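As a basis for the values below, the full set of heavy atoms in this structure was taken, side chains included, without hydrogen atoms, waters or symmetry mates. Keep in mind that what you see is a predicted model, and the values were worked out from it rather than measured.
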Amino acid sequence: MLNFSRWAIAGILLPLIIGIFCAVPSFLPDSTVAKLPPFMQTRVNLGLDLAGGSHLLLEASTQDVAKQRLANMEEQVRTELRRGETKIAIGDISSRDGKLSFMVRNPSEVDAAVERIRPLTQGAGLTGQRDFNVEVVNSSTIVITPTQAGIDNAVKSAMQVATEVIRKRIDEMGTREPTIQQQGANRIVVQVPGLQDPKALKALLGQTAKLEFKLVDMSANPSEVAQGRAPVGSEVLPYPTNPAGPPMIAVHRQVMVSGEELTDAQQTYDQQTNEPNVTIRFNGSGGNKFAKVTSQNVNRPFAIILDGKVLSAPNINEPILGGSATISGSFTVEGANQLAIALRSGKLPVNFVVVEERTVGPGLGADSIRAGLVASIVAVVAVAAFMFVSYGRFGMYANLAVAINVLVILGVMGILGATLTLPGIAGFVLTIGTAVDANVLIYERIREERRRGRGVVQAIEFGYKEASRTIFEANVTHAIAGGIMLALGSGPVKGFAIVLLIGIATSVFTAVTFTRVLVSGWVRRTRPTDIHI
């Protein structure tokens with residue numbers, strides 16, 4: 001066990017050297033790290049409690065989910081009843097009181113209409129209920145009513161989608177290691193380390209980025225539109241920048257093209273006015289729809305709607321066949337860029353409001369780091385002094401292993417892009433304190449073998465061999481506890497578990513394998529007849 005070939009020694013030292021090398025950027029200033037090649041920019045990210053940053057608690061509006069589900073069902077009903085050779089004629093669809101109702105023009109086709117509509121409903125989770133109830137009223141009117149089970153299931157799905165959309169948006173902003181977690185049924189916690197001004201973050205997350213193109217209803221009475229009333233099949237939307245004057249406009253509820261059919265969105269500039277705008281591109285299906293609608297409605301205005309507000313209502317002068325369009329609306333460069341980010345990352349399926357906001361200053365994080373460094377230094381000095389006094393030369397080998405272990409932990413965290421939090425520092429200090437446990441077991445076993453009369457080489461070999469079993473079993477149970485915390489915990493608990501698990505792996509390697517290489521080298525060089533532990 002004490003005979004190591006050159007290749008074996010190189011195989012042991014190489015990962016340690018790489019780990020130390022990857023830990024170095026964490027100690028360098030940001031300006032220096034930025035000049036390094038990308039593969040050398042492996043730094044440990046600091047969490048919100050260390051680097052400061054912004055904390056937001058977002059709450060979703062479940063009414064928006066119900067409203068959107070009704071709009072989607074209305075579109076599906078129109079499409080289904082027009083499908084096939086036998087089209088079923090219906091009157092305008094009303095969405096009053098949170099339900100859809102419409103009249104079938106030919107009473108004899110009511111049953112056929114119901115048969116076509118029922119497959120559009122589906123089971124709401126495991127409740128055994130449908131997400132919509134379909135019934136016939138007055139022999140010719142069909143009423144579609146959403147169930148509470150269906151709404152609850154839709155809210156759950158919308159929150160899952162919203163969490164991922166928020167994560168994409170924040171990552172596009174260039175932040176690092178944000179914490180985004182769902183809290184309860186309709187809330188999401190967002191923590192962004194290093195972001196001291198949450199205004200841009202709130203503006204970005206506050207946008208649902210729901211983009212729609214709808215035709216303007218030219219038959220609407222302007223006086224009724226001003227009072228918020230629109231013809232059946234249309235709706236009144238705010239139009240703050242309406243050049244005609246009234247800040248309201250009536251549009252058809254039917255969506256021409258939606259933002260779900262976008263493939264790209266980029267901030268650009270108008271070639272004539274040089275004003276910032278957003279250029280969007282549709283996928284094949286969206287491009288075909290846009291071309292078809294604009295071809296059939298030349299000389300009619302259409303509305304570009306974002307989050308329920310009309311940005312502009314230009315006239316269709318000619319068919320738009322290129323699969324792309326430009327959104328203008330008195331944007332600033334920053335505003336146009338944020339809109340492009342929001343559209344690229346996808347629309348939020350529900351509106352959110354900020355119900356809690358906190359900003360953690362970097363001063364608190366600096367105090368935490370300073371306290372953590374003091375604790376780490378005290379732990380290292382105390383452990384090193386104890387090991388040297390107790391085991392002499394062998395204690396120095398253990399201390400060298402601890403020092404390398406600290407750097408390797410930082411290097412591994414940098415490679416993984418892990419985030420160090422205040423609980424992570426606690427895990428760090430705990431790892432330092434327990435890193436020499438393996439060496440203590442080994443050295444005590446060597447003492448025991450010497451008392452039994454074994455020679456120096458045999459005592460060292462048996463010490464490492466027999467103690468390794470105990471070390472392995474002890475660290476396996478340790479790792480199981482850390483794994484459970486990592487799997488079931490969140491936030492600070494997960495940060496503690498990550499540092500702990502990395503520390504277990506690196507400390508076992510340095511304490512057992514690395515120190516054995518050092519001891520074997522000393523034994524081969526000096527050929528001692530006795531050892532003093």
TODO: Indicate yes or no: at least one non-hydrogen side-chain atom of Phe302 is less than 4.5 angstrom from one of Ile316.
DONE: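 Yes, side chains in contact.
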
Task: Heavy-atom check, side chain of Val293 versus side chain of Val257, under 4.5 Å - done: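 No, side chains not in contact.
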
If I take atom [atom1] from residue [X] and atom [atom2] from residue [Y], how far apart are they, to the nearest 0.5 angstrom?
| X | Y | atom1 | atom2 | answer |
| --- | --- | --- | --- | --- |
| Cys22 | Ile415 | SG | CD1 | 3.5 Å |
| Leu306 | Glu212 | CG | CD | 9.5 Å |
| Ile90 | Thr141 | CD1 | OG1 | 11.5 Å |
| Leu501 | His478 | CG | NE2 | 8.5 Å |
| Asn351 | Leu58 | CG | CG | 11.5 Å |
| Asn297 | Met218 | CG | CE | 11.5 Å |

- [ ] Quickly, which of Arg167, Gln181, Gln183, Met159 forms a side chain to side chain contact (heavy atoms under 4.5 Å, CB included) with Ile188? Name it, please.
- [x]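 When Arg167, Gln181, Gln183, Met159 are each tested with Ile188, the side chain to side chain contact (heavy atoms under 4.5 Å, CB included) holds only for Met159.
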
Residue pair [X] / [Y]: nearest heavy atoms and the distance that separates them:
| X | Y | value |
| --- | --- | --- |
| Leu500 | Gly482 | CD2-CA, 4.4 Å |
| Ala313 | Val216 | CB-CG2, 4.3 Å |
| Val251 | Ala303 | CG1-CB, 3.8 Å |
| Pro301 | Asn315 | N-OD1, 3.4 Å |
| Asp217 | Ser234 | OD2-OG, 2.6 Å |
| Arg116 | Leu81 | NH1-O, 3.5 Å |

Task: side-chain contact (heavy atoms from CB on, under 4.5 Å) assessment of His55 paired with Val189 - done: CA-CA 7 Å; His55 169 102; Val189 175; 3.6 Å; yes

Open item on the list: Is there a side-chain contact (heavy atoms from CB on, under 4.5 Å) between Met256 and Leu215? Walk through the geometry before answering.
Closed with: CA-CA 7 Å; Met256 295 165 49; Leu215 289 172; 3.7 Å; yes

Checking [X] now: which residues fulfil salt bridge (charged side-chain N to carboxylate O under 4.0 Å, His left out) with it, not counting sequence neighbours?
| X | result |
| --- | --- |
| Arg253 | Glu74 |
| Glu59 | Arg187 |
| Arg105 | none |
| Glu75 | none |

Could you name each residue pair satisfying salt bridge (Lys or Arg N to Asp or Glu O under 4.0 Å) that touches [range], not counting sequence neighbours?
| range | answer |
| --- | --- |
| residues 237-247 | none |
| residues 243-252 | none |
| residues 218-235 | Lys214-Glu235 |
| residues 135-159 | none |

TODO: Flag yes if more than 12 heavy atoms outside Glu357 fall under 6.0 Å of its CD atom; otherwise flag no.
DONE: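 More than 12 within 6.0 Å, yes.
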
- [ ] Evaluate the side-chain contact (heavy atoms from CB on, under 4.5 Å) criterion for residues Leu211 and Ile280: first the C-alpha distance (whole Å), next the side-chain angles of each, then the deciding distance (0.1 Å), finally the verdict.
- [x] CA-CA 11 Å; Leu211 182 67; Ile280 59 176; 3.9 Å; yes

Open item on the list: Once side chain to side chain contact (heavy atoms under 4.5 Å, CB included) is applied, do any residues pair with Ala154, and if so which ones, sequence neighbours excluded?
Closed with: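 In terms of side chain to side chain contact (heavy atoms under 4.5 Å, CB included), with neighbours along the sequence ignored, Ala154 is linked to Val65, Arg69.
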
Open item on the list: Please enumerate all residues that pass side chain to side chain contact (heavy atoms under 4.5 Å, CB included) together with Thr332, with sequence neighbours excluded.
Closed with: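 Thr332 satisfies side chain to side chain contact (heavy atoms under 4.5 Å, CB included) with Glu334 only.
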
Please tabulate, for the side chains in residues 94-103, all donor-acceptor contacts under 3.5 angstrom to protein atoms that are two or more places apart in sequence or on a different chain.
residue : atom : partner : partner atom : Å
Ser94   : OG   : Arg96   : N            : 3.4

Task: Chi angles and distances behind the side-chain hydrogen bond (donor to acceptor under 3.5 Å, both in side chains) call for Asn277, Thr268 - done: CA-CA 5 Å; Asn277 53 31; Thr268 56; 2.5 Å; yes

Task: Aromatic ring pairing Phe290/Phe282, orientation class (parallel under 30°, perpendicular over 60°, tilted between) - done: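 Judged by the thresholds at 30° and 60°, the geometry between Phe290 and Phe282 is tilted.
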
Open item on the list: Any side-chain to backbone donor/acceptor pair from Ser26 onto Val44? Under 3.5 Å, distance only.
Closed with: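 Yes: the side chain of Ser26 pairs with the backbone of Val44.
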
Task: Backbone of Gly184 reached by a side-chain donor or acceptor of Gln182 within 3.5 Å - done: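 Yes, because the side chain of Gln182 sits within donor-acceptor range (under 3.5 Å) of the backbone of Gly184.
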
Open item on the list: Determine whether Phe132 and Thr147 satisfy the following criterion, side-chain contact (heavy atoms from CB on, under 4.5 Å), listing intermediate values before the conclusion.
Closed with: CA-CA 5 Å; Phe132 286 92; Thr147 64; 5.9 Å; no

Open item on the list: Suppose we screen for ring-ring contact (aromatic ring centres under 6.0 Å, His included). Which residues come up paired with Tyr239, at least two apart in sequence or across chains?
Closed with: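 Testing Tyr239 for ring-ring contact (aromatic ring centres under 6.0 Å, His included), a comparison that skips the adjacent residues, returns none.
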
